[in-house]
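Here's the structure, in structure tokens; my notes come after.
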Amino acid sequence: MTGVGRVPPRVLDLAAGAERVYVLTGAGMSAESGIPTFRDAQVGLWERFDPTELATPHAWAADPAQVWAWYAWRATLVRRSLPNAGHRALAGWQARPGVRLDVATQNVDDLHERAGAEVLAHVHGSLFALRCSVCDRPSDAAYPELAEPVGRLDPPTCTACGGTVRPGVVWFDETLPEEDFLAAVDAAQEADLVLVVGTSGLVHPAATIPHLAGDRGVPVVEVNPAPTVASEAADEVWRATAATALPALLE
Ligand SMILES: CC(C)NC(=O)[C@H](Cc1c[nH]c2ccccc12)NC(=O)[C@H](CCCC/N=C(/NCCC(=O)O)S[C@H]1O[C@H](COP(=O)(O)OP(=O)(O)OC[C@H]2O[C@@H](n3cnc4c(N)ncnc43)[C@H](O)[C@@H]2O)[C@@H](O)[C@H]1O)NC(=O)OCc1ccccc1
Ligand SMILES: [Zn+2]
């Protein structure tokens, strides 16, 4: 991963002048906390596990124990990880007087919150928000500690209806919670500056958010050590990592 190098002057100007900042984050935001991204080769989550096998309603219907085991492993990974300097920088920026900073994330981890930031929308849900897959009631069940991924683990049972308890994430082929998604779109279109941090821009409809803001004339800055499908549409690209770039922006 490249270091930070100089903060691009235009990014510094945009950040300094912004009263309303919007940050859309993806898996890259948590990479430096030790949580593998989805697409990074070899170590990426999707390299070792096929998402269409695990993060879909039909995978859950076919074999809930296999899906539950995978999420229990990921939950253990997140519990054993700490927010990085990027998460902390956003929380610090959000706490500054005179600035409104909205965080919308595709991440199902709770590292933004553990860094002290308020999250406007988890557009793909939250790992730790468990609910019944039958009656939809929230569940206070918990994931077992699982340091290594195992094949199968029976999910908990709903105390209200006896159904199986599932992770509160949005699976592929599942619609995003409308309220969260619309809030995430609106805030982006109302911002003075949109930062897109650590996302490949491949998963829809979240990937449309920066474009919807750009169409409204909001400057969009991509913070990512590697090019993405969204780089073209960004006004500025900053080839740096989240945990090095975001603190530098606030110095
Ligand atoms: C893969 C893609 C082609 N498929 C989709 O987008 C699908 C289908 C689709 C719908 N519309 C389309 C239009 C076009 C094409 C496809 C579609 N979308 C859906 O299914 C959505 C639901 C999408 C949500 C899925 N759930 C997730 N997560 C929760 C689960 C879980 O986590 O288990 S998505 C999941 O993957 C996504 C991964 O993307 P990124 O976060 O961007 O991460 P990635 O690894 O890809 O990239 C990391 C980036 O970070 C960078 N990086 C690395 N290190 C660092 C670093 N240190 N610092 C900064 N950056 C860094 C890298 O360079 C890289 O660029 C995240 O959003 C994550 O939440 N639902 C839906 O459309 O519903 C309606 C519907 C209803 C019924 C029937 C049909 C349709
Ligand atoms: Zn139930």
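Note that ligands are numbered from 1 as they come in the structure, with each ligand's atoms numbered from 1 the same way.
Comparing heavy-atom distances from atom 52 (N) of ligand 1 across Gly28, Ala230, Ala243, Ser30 singles out Gly28 as nearest. Between the choices Val229, Val170, Val123, the shortest heavy-atom distance to atom 30 (C) of ligand 1 belongs to Val170. Distances from atom 44 (P) of ligand 1 to the heavy atoms of Gly26, Ala242, Ser231, Ser200 put Ser200 nearest. In this structure, of Thr228, Leu202, Asp173, the residue bringing a heavy atom nearest to atom 79 (C) of ligand 1 is Asp173. Distances from atom 7 (C) of ligand 1 to the heavy atoms of Phe181, Phe172, Trp238, Tyr71 show the closest one on Phe172.
With ligand atoms numbered from 1 in the order given, ligand 1 contributes 40 (P), 41 (O), 43 (O) to contacts under 4.0 Å with heavy atoms of Ala27. Less than 4.0 angstrom separates some heavy atom of Leu176 from each of these atoms of ligand 1: 22 (C). Taking every heavy atom of Glu32 and a limit of under 4.0 angstrom, the matching atoms of ligand 1 come to 56 (C), 57 (N), 58 (N). Close approach of ligand 1 to Ala226 is summarised as follows: ligand atoms under 4.0 Å from at least one heavy atom of the residue are 63 (O). Proximity to Ala31 (heavy-atom distance under 4.0 Å) selects the following atoms of ligand 1: 54 (N), 57 (N).
Contact detail for Leu101 and Leu90: the closest heavy-atom pair is CD2-O, 4.1 Å. Pairing each heavy atom of Val218 with each of Asp235, the nearest pair is O-OD2, 3.9 Å.
Considering backbone and side-chain N/O of Arg74, one or more are found under 3.5 Å from N/O of ligand 1. For a threshold of 3.5 Å applied to N or O pairs, the pair formed by His204 and ligand 1 contains at least one separation below that value.
Here the side chain of Ser30 pairs no donor or acceptor atom with the backbone of Ala27 at under 3.5 angstrom. Proximity of a side-chain donor or acceptor of His87 to a complementary backbone N or O of Asn84 within less than 3.5 Å is detected. In this structure, Asn224 contributes its side chain and Ala226 its backbone to a donor-acceptor pair below 3.5 Å. Glu118 contributes no side-chain N or O that, together with a main-chain N or O of Glu113, makes up a donor-acceptor pair within less than 3.5 Å.
Counting heavy atoms under 4.0 Å from ligand 1, residue Val197 does not touch it at all. The backbone of Glu174, and not its side chain, has at least one atom closer than 4.0 Å to an atom of ligand 1 (non-hydrogen atoms only; backbone = N, CA, C, O).
Side-chain contact check for Ser200 and Thr228: no donor-acceptor pair (N or O, by modelled atom type) lies under 3.5 Å.
Within the structure, the closest approach of Leu54 to ligand 1 does not fall below 4.0 Å when heavy atoms are considered. A heavy-atom separation below 4.0 Å is not found between Met29 and ligand 1. Heavy-atom separations between Ala206 and ligand 1 are all 4.0 Å or longer.
Geometry at the Zn ion (ligand 2): SG/Cys135 and SG/Cys158 form an angle of 110°, nearest 10 degrees. Rounding to 10 degrees, one finds that the Zn ion (ligand 2) sits at the corner of an angle of 100° between Cys132 SG and Cys161 SG.
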- Message: Pair Arg74, Asp109 - check salt bridge (Lys or Arg N to Asp or Glu O under 4.0 Å), show working.
- Response: CA-CA 9 Å; Arg74 289 176 59 189; Asp109 66 50; over 6 Å; no
- So Val229 and Leu202, side-chain contact (heavy atoms from CB on, under 4.5 Å) or not? Walk me through it. CA-CA 7 Å; Val229 293; Leu202 293 171; 3.8 Å; yes
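Residues Trp73 and Tyr143 place their aromatic rings such that the two centres sit no closer than 6.0 Å.
Because its NZ or CZ atom is both nearer than 6.0 Å to the ring centre of Trp171 and within 45° of the ring axis, Arg166 counts as a cation-pi partner of that residue.
Annotation: salt bridge (Lys or Arg N to Asp or Glu O under 4.0 Å) contacts of Asp63 (sequence neighbours excluded): Arg152.
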